[in-house]
Asks: 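Have a look at the structure that comes next, please.
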Amino acid sequence: MSVSPLNTKIREANAKGKVALVPYLPAGYPTRERFWEELDKLDAAGASVIEIGMPFSDPVADGPVVEAACLKVLEDGITLQWILDGLRERKGRYNAALLLMGYLNPVLQYGPERFARACAEGGVSGLIIADMPIDEAGFLTDALKPHNVELIPLVGLNTSRERLEMYAKDAGGFVYMVSVLGTTGQRDSLPARVKEKLAEVREVFDIPVALGFGLKHPDQVAPFAGLMDAAVIGSALISHIEAGGDAASYMDIWTS
Amino acid sequence: MKKGYFGDYGGQFVPELLMPPLLELEQAMDTIMVSKEFQDEFAALLKECVGRPSALTFCPNLSHDIGVNLWLKREDLNHTGAHKINNTLGQALLAKKMGKKMLLTETGAGMNGVATATAAAMMDMGCKVYMGAVDVERQSLNVRRMELLGAEVVAVESGTRTLKDAINEALRCWISTQETTHYCFGTAAGPHPFPLLVRELQAVVGREARMQYVERNGALPDVVCACVGGGSNAIGAFHAFVPDESVQLVGVEAAGTGEPGCFNSAPLNLGTDGVLHGTKSKLLQTDDGQIMPSHSVAAGLDYPGVGPEHAALQAAGRAIYGSVNDEQALNAFKTLSRREGIIPALESSHAVAWVLENADKLQGKNVLVNLSGRGDKDMDIVEHVLDQGE
Ligand SMILES: Cc1ncc(COP(=O)(O)O)c(C=O)c1O
């Protein structure tokens, strides 16, 4: 199998001695037009992977900031089709690898096969489904595989060795380690257990390890140098835009 | 059949972070719950604290009025006023034996919240209840009861501010509190093993009803009927009758105002297949897979999803699911009160209303309705609506 662009892009940043940046922005946020501008800015500022949120009415793995942003774009009429069409029009424009992140039901209604094809046509390399543990994922990975779209495993502080190994068997792009036993949202400090678990995840997976949930400042990940390859940043970016900033000024915090 | 499924429905569609507590719960069901010690303790609690067996009551006046022999399984006579207590005491006992210190739950009408708060007080555990802000307002008596019982009630302001959003918040809370806390899920929906666990704890309703009915009549009823919110009281009533093919099982959903295109709570009648709150079942959703707001005058039925076993019973043709609207339910609420001296919960009124609405087709039949709860909690709503209407 060919190496996933998700893997390649993260490794490119790592080769320059950097932690790869994986910003998350809900599709259509803050507005339909500005969303595509912000995506361009994230790309220009050196994001390795851009995670595009597919809004869902009931995002149980998300905290208040992401939930509010998702409910706002749903009110603005953002649909899966709008996202996939927009990406198809812009295919080839981004240096970063693209990832879609959301919940299962909208993907189910779209149709897994049709969705996988549309991902490939839109240059999307991977998918994160927050409410899809590996035990249920078979039908989705079957649909994604022919189109070279990776299902990214989300693992946590409480994921057993046995389950880490189940996920590692099939994983290709990178593994996403959730830094807190909780929902998305900025936190001032991360649990002490993160370091130990990252080391275990590193040991079990032979693909890049990304850390996410709760990150807002590079100082937070400094203690994990060598144990992680990429940092995922969501709520902090949304809050920064909400407060009047833009993707470029936010990325400065992480790149300067 | 795949583990955790009923036919094509069920499963565990949750964040990976919730898999460990679900697996731990499944394990506890396989070891602790099947033990004689647990079963004996649970049976004693049901007898001495809940007041089981609950009565089976024949309704002479109403039966005469409508030409249908109407029997009620009286879950309204249970401690705390509804069937919910069967489930919460069972789960609380299990959680205690699992070493948990806290019970977490969601509530719509407040009955599950009150029942969980009661179980927590009995077992000397902490209790936190998520409740949609809309429901906090319309079921304020139950909020006061929960607080008196020592529970913390959190009003949920996100989304549609009803039961669906209370479940979202409770699931979020469980992710971070799983080590010390059991999520005492209030109905036979949600991720595996909840649909199975809740059914097992509520099956006592149908087992008792079947025995009592046969003892009195020497035969089985023709129809067993129950309202369906998440589906716990209905699956509890149905379970013992599933093998009895002569018994027609009827679930009753809430049609809301009943106008075409109105918000309703009837996913088995008006919904499509999808995944919400960890389970694959019938859902009220848009073509894009967003969950639609639901509506019912009965807060406990106001949910856009339904337990997976009901979707499977429907698909298999073993149960049928009808619906009645708010007005029909309010009418049944009044009728049962005046003709039999029993004030039913608005949720249960839906099941009674289905019998009244279908009386012409049920002439001479023996119909057993699971009266899931009593209507004290609904007095404010009913007086408000009836004042406006009369
Ligand atoms: C009295 C009563 N009946 C029925 C229900 C509906 O729930 P379920 O379908 O899970 O029994 C509720 C829920 O709050 C209730 O309070």
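First the proteins, then the strands, lettered A, B, ... as listed; each starts at 1. Only this structure's heavy atoms are used, side chains among them; waters, hydrogens and symmetry mates stay out.
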Asks: With a 4.0 Å cut-off on N to O distance, would you call A:Glu136 and B:Lys280 a salt bridge?
Replies: no
Asks: Hey, could you give me the CG/CG distance between B:Leu18 and A:Asp131, rounded to the nearest 0.5 Å?
Replies: 10.5 Å
Asks: Any donor-acceptor pair under 3.5 Å linking the side-chain atoms of B:Asp287 with those of A:Gln109?
Replies: no
Asks: Take B:Val275 and A:Met132 through the side-chain contact (heavy atoms from CB on, under 4.5 Å) test and state the conclusion after the steps.
Replies: CA-CA 10 Å; B:Val275 167; A:Met132 176 120 253; over 6 Å; no
Asks: With a 4.5 Å limit on heavy-atom distance, are the side chains of B:Leu276 and A:Asn105 in contact?
Replies: no
Asks: Measuring only between side-chain heavy atoms, which start at C-beta, is A:Glu67 closer than 4.5 Å to B:Arg172?
Replies: yes
Asks: Side chain from CB out, backbone as N, CA, C, O: work out which of these in B:Asp273 comes under 4.5 Å of a heavy atom of chain A, or both, or neither.
Replies: backbone
Asks: Side chain from CB out, backbone as N, CA, C, O: work out which of these in A:Tyr167 comes under 4.5 Å of a heavy atom of chain B, or both, or neither.
Replies: side chain
Asks: Return the minimal non-hydrogen interatomic distance between B:Ile175 and A:Val60, and the atom names on each side.
Replies: CD1-O, 4.2 Å
Asks: Among B:Met19, B:Glu16, B:Gln178, which residue satisfies the side-chain contact (heavy atoms from CB on, under 4.5 Å) criterion with A:Asn158?
Replies: B:Gln178
Asks: What is the minimum heavy-atom distance between A:Ala61 and B:Pro15, and which atoms define it?
Replies: CB-CG, 4.0 Å
Asks: Nearest 0.5 Å, please: how far is OG in A:Ser57 from NZ in B:Lys164?
Replies: 5.0 Å
Asks: Which residue out of A:Pro59, A:Ala137, A:Ser160, A:Pro64 racks up the most heavy-atom pairs below 4.5 Å with chain B?
Replies: A:Pro59
Asks: Out of curiosity, A:Ile78 CD1 to B:Gln290 CD, how far, rounded to the nearest 0.5 Å?
Replies: 11.0 Å
Asks: Is the shortest heavy-atom distance from the side chain of B:Ile291 to the side chain of A:Phe56 under 4.5 Å?
Replies: yes
Asks: Measure distances from A:Leu104 to the heavy atoms of chain B and classify the residue's part below 4.5 Å as side chain, backbone, both or neither.
Replies: side chain
Asks: If you compare all heavy atoms of A:Pro133 against all heavy atoms of B:Val14, which two are closest, and at what distance to 0.1 Å?
Replies: CD-O, 3.1 Å
Asks: Of the non-hydrogen atoms in A:Val178 and B:Leu17, which two are nearest, and what is the gap between them?
Replies: CG1-CD1, 3.9 Å
Asks: To the nearest 0.5 Å, how far apart are CG in A:Asp135 and CZ in B:Phe13?
Replies: 10.0 Å
Asks: How many angstroms lie between atom CG of A:Asp58 and atom CD of B:Gln285, to the nearest 0.5 angstrom?
Replies: 11.0 Å
Asks: Select one option (side chain, backbone, both, neither) describing which atoms of B:Ile167 are under 4.5 Å from chain A's heavy atoms.
Replies: neither
Asks: Mind checking whether A:Leu74 and B:Asp288 have side chains closer than 4.5 Å, heavy atoms only?
Replies: no
Asks: Relative to chain A, which of B:Lys2, B:Lys3, B:His277 shows the most heavy atom pairs under 4.5 Å?
Replies: B:Lys2
Asks: Out of A:Val180, A:Val107, A:Thr159, A:Ile134, return the one with the most heavy atom pairs under 4.5 angstrom to chain B.
Replies: A:Thr159
